Protein chains: 2
Amino acid sequence: MSDWKAGSDARLPLYQRLREEIMDRIASGEWPPGEPIPTESELTRRYNIAVGTVRRAIDTLVNEGLLERSQGRGTFVRRPDFDASFFRFFRQVNAEGEASVPDSRILSASLQTPPPVASKALGLAHDASCICLERLRTLEDGSLLTEKIWLPAARFSGLLKVPLEEFDNLLYPFYEARFGQRIGSARETLTIASADAITSDTLGIALNDPVVVIERTALGYDQTPLEYRCSMGAAATFRYQIEIS
Amino acid sequence: MSDWKAGSDARLPLYQRLREEIMDRIASGEWPPGEPIPTESELTRRYNIAVGTVRRAIDTLVNEGLLERSQGRGTFVRRPDFDASFFRFFRQVNAEGEASVPDSRILSASLQTPPPVASKALGLAHDASCICLERLRTLEDGSLLTEKIWLPAARFSGLLKVPLEEFDNLLYPFYEARFGQRIGSARETLTIASADAITSDTLGIALNDPVVVIERTALGYDQTPLEYRCSMGAAATFRYQIEIS
DNA sequence: TAGTGGTCTAGACCACCTA
DNA sequence: AGGTGGTCTAGACCACTAA
């Protein structure tokens with residue numbers, strides 16, 4: 001309790017060192033998601049810090065979304081919210097502005113040499129081979145989305161042995177549960193193109209009908225590229241929503 | 001100094017009431033951008049509150065981006081950052097993924113009864129009249145965007161007297177500088193449609209060519225709807241980018 | 001009723017900036 | 001040197017929750 005600051009820079013403010021200390025406990029699993037962390041007064045005693053300082057450390061972590069306070073009950077480690085992680089990355093909505101879970105089906109999974117745009121996005125050599133998933137998504141209103149997804153083979157070893165039926169509807173929680181790969185952010189670029197023969201066939205539209213092309217590079221919390229995907233859907237039924245703040 | 005809380009709900013915590021008080025002073029222009037607000041100890045004296053409480057009120061406003069602290073100098077009202085406010089709300093990019101300032105020209109400004117979608121977005125009665133701007137934007141690569149913008153007349157009084165040439169390329173800083181209306185967030189919905197006669201003519205494309213329709217509702221920091229706009233551009237040259245985190 | 005977080009106070013010392 | 005914000009302490013009372 002006296003040398004707990006050893007790990008971090010002693011020049012840092014107390015509350016920041018406590019913040020790191022708490023984050024370490026969470027990361028190590030000592031304080032698991034859904035469980036309360038020690039009370040403020042317990043932390044006060046344990047680390048010999050004033051309440052105000054403890055509160056400040058906790059405040060920052062609450063702001064960052066790692067902790068949740070509940071008056072009268074305690075302060076809890078936030079359990080990663082699959083819904084949230086879904087709605088965070090899912091931008092397509094129906095006419096009422098609501099998003100809902102699309103059905104999805106993996107058509108194939110194989111090892112391939114990705115196109116340059118994918119290997120570049122993933123930060124791999126141009127001739128490195130990747131896992132490629134082909135996927136068809138059915139949205140609530142019946143519209144379709146066809147996707148190609150490239151994953152760095154090194155981080156998803158064993159994925160090709162997973163039976164196609166065992167893939168989850170939502171891939172990011174699946175990546176996390178099976179391979180420990182957690183998506184933290186993504187960049188999407190949206191363009192319009194016209195459907196080639198294969199795409200128009202898959203989507204059930206006419207040749208050269210406009211399609212929306214969404215290219216996404218998804219990164220881990222340490223900014224490592226973990227996934228590149230390209231999705232295409234019929235432009236006519238497409239609706240995309242974002243909040244800017 | 002004793003009954004300053006009159007305007008707000010006495011049941012609210014002190015620091016929240018002080019926060020509103022400060023926001024009012026900023027909004028009224030009493031504490032202008034770039035200038036320091038009174039020091040913490042001055043606020044302590046003036047409102048007869050403890051320093052900690054004052055600091056907490058200021059903390060929240062710093063988090064919201066309205067104030068800026070500078071150790072040893074004071075706490076300042078943040079001067080709106082033109083670049084930031086531009087790149088924050090501008091999502092269209094060129095093929096290299098870079099955004100650049102588009103030229104824009106206001107074609108007309110008039111008082112009109114808005115379509116239901118606009119009055120609903122602005123939270124106005126269906127027969128309330130609004131200021132309507134028509135605007136043409138030229139992007140870096142030569143592509144065009146035609147926009148209709150609806151503003152609640154009450155908050156932008158005098159706008160119709162502004163000569164069209166005096167409108168800024170970027171409207172949000174213009175709103176802020178001239179009318180004290182500060183945009184804090186926005187929601188955009190993106191769909192694809194086909195060009196009608198007027199649109200295809202304006203954009204220089206063929207009738208029924210696909211166009212991108214971007215509907216945006218922009219809100220102030222207090223969540224009041226301040227602007228509704230609908231932008232249309234040729235789908236072929238369209239490129240939209242977002243970061244999700 | 002006991003314990004939790006939510007709010008608030010009234011000090012203290014420090015690092016930094018301006019003059 | 002004097003004033004500013006940055007950090008930290010050591011209490012107090014309240015509202016809420018659970019047993």
Side-chain angles (χ1 to χ4, degrees), chain A residues 1-5 8-22 25-26 31 33-79, chain B residues 1-5 8-22 25-26 31 33-79:
Chain A
M1 151 245 93
S2 46
D3 60 345
W4 65 280
K5 312 127 184 181
S8 59
D9 192 331
R11 291 167 308 184
L12 253 47
L14 260 185
Y15 75 94
Q16 288 208 21
R17 283 184 275 164
L18 177 56
R19 171 180 168 277
E20 288 180 15
E21 177 76 10
I22 295 176
R25 304 288 177 127
I26 295 175
W31 298 344
E35 294 295 307
I37 68 171
T39 66
E40 297 180 348
S41 52
E42 167 64 19
L43 290 171
T44 296
R45 279 193 300 279
R46 197 184 295 187
Y47 295 114
N48 199 28
I49 306 181
V51 208
T53 307
V54 170
R55 291 190 62 81
R56 183 151 184 199
I58 294 179
D59 278 342
T60 64
L61 290 168
V62 168
N63 270 336
E64 295 169 30
L66 265 81
L67 296 178
E68 233 169 2
R69 286 197 225 253
S70 177
Q71 182 172 148
R73 298 200 307 133
T75 301
F76 298 78
V77 179
R78 251 183 53 144
R79 91 165 6 99
Chain B
M1 158 242 95
S2 46
D3 60 345
W4 63 281
K5 313 126 185 182
S8 59
D9 193 329
R11 291 167 307 184
L12 253 47
L14 260 185
Y15 74 94
Q16 289 207 20
R17 283 183 276 162
L18 177 55
R19 171 182 168 277
E20 289 180 17
E21 177 76 9
I22 295 176
R25 303 288 177 127
I26 295 174
W31 297 343
E35 294 294 308
I37 68 171
T39 67
E40 296 179 349
S41 52
E42 166 64 19
L43 290 171
T44 297
R45 278 193 301 278
R46 194 183 297 187
Y47 295 115
N48 200 29
I49 307 180
V51 207
T53 307
V54 171
R55 291 190 62 82
R56 184 152 183 196
I58 294 180
D59 278 343
T60 64
L61 290 169
V62 168
N63 271 335
E64 295 170 30
L66 264 80
L67 295 179
E68 232 170 2
R69 286 198 225 255
S70 179
Q71 183 173 142
R73 299 200 305 133
T75 301
F76 298 78
V77 179
R78 242 179 63 136
R79 187 187 297 294

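Letters A, B, ... mirror the listed sequences (proteins, then strands); counts begin at 1. Just so it is clear, the values below take in all heavy atoms, side chains as well, and ignore hydrogens, waters and symmetry mates. All figures in this text were calculated on a predicted structure; none of them were measured in a lab.
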Could you give the [atom1]-to-[atom2] distance, from [X] to [N], as a whole number of Å?
| X | N | atom1 | atom2 | result |
| --- | --- | --- | --- | --- |
| R17(B) | dC8(C) | CZ | C1' | 12 Å |
| E40(A) | dT7(C) | CD | C1' | 11 Å |
| L14(A) | dA10(D) | CG | P | 12 Å |
| E42(B) | dG2(D) | CD | C1' | 16 Å |
| I58(A) | dT7(C) | CD1 | P | 14 Å |
| Q71(A) | dG5(C) | CD | C1' | 5 Å |
| I49(B) | dC8(C) | CD1 | P | 8 Å |
| F76(B) | dC16(C) | CZ | C1' | 13 Å |

Taking every non-hydrogen atom, the tightest pair across L18(A) and V54(A):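 Closest approach of L18(A) to V54(A): CD2-CA, 3.8 Å.
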Shortest non-hydrogen contact from F76(B) to G34(B)?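 Looking at all heavy atoms of both residues, the closest pair is CD2-O, 3.6 Å.
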dT7(D), dT7(C), dG5(D): which one has an atom nearest the side-chain heavy atoms of R56(A)?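 Nearest to the side chain of R56(A) among the choices is dT7(D).
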Are OP1 or OP2 of [N] and a side-chain N or O of [X] less than 4.0 angstrom apart?
| X | N | answer |
| --- | --- | --- |
| T53(B) | dT7(C) | no |
| Y15(B) | dT7(C) | yes |
| T39(A) | dT4(C) | yes |

Reading DNA chain C from 5' onward, which residue's closest nucleotide shows up sooner: R73(A) or R55(A)?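 Its nearest nucleotide lies further toward 5', so the answer is R73(A).
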Does R17(B) pair with E21(B) as a salt bridge, N-O distance under 4.0 Å?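 Answer for the salt bridge query: no.
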Determine, for R45(B) against E42(B), whether the closest basic-nitrogen to carboxylate-oxygen distance falls under 4.0 angstrom.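 Salt bridge between R45(B) and E42(B), a charged N being under 4.0 Å from a carboxylate O: yes.
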First locate atom OG1 of T53(A), then atom CG of L43(A), and finally report the distance between them rounded to the nearest 0.5 Å.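 Here the interatomic distance stands at 11.5 Å.
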Residue closer to the 5' end of DNA chain D, G72(A) versus V51(A) (nearest nucleotide):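 Here V51(A) is the residue nearer the 5' end.
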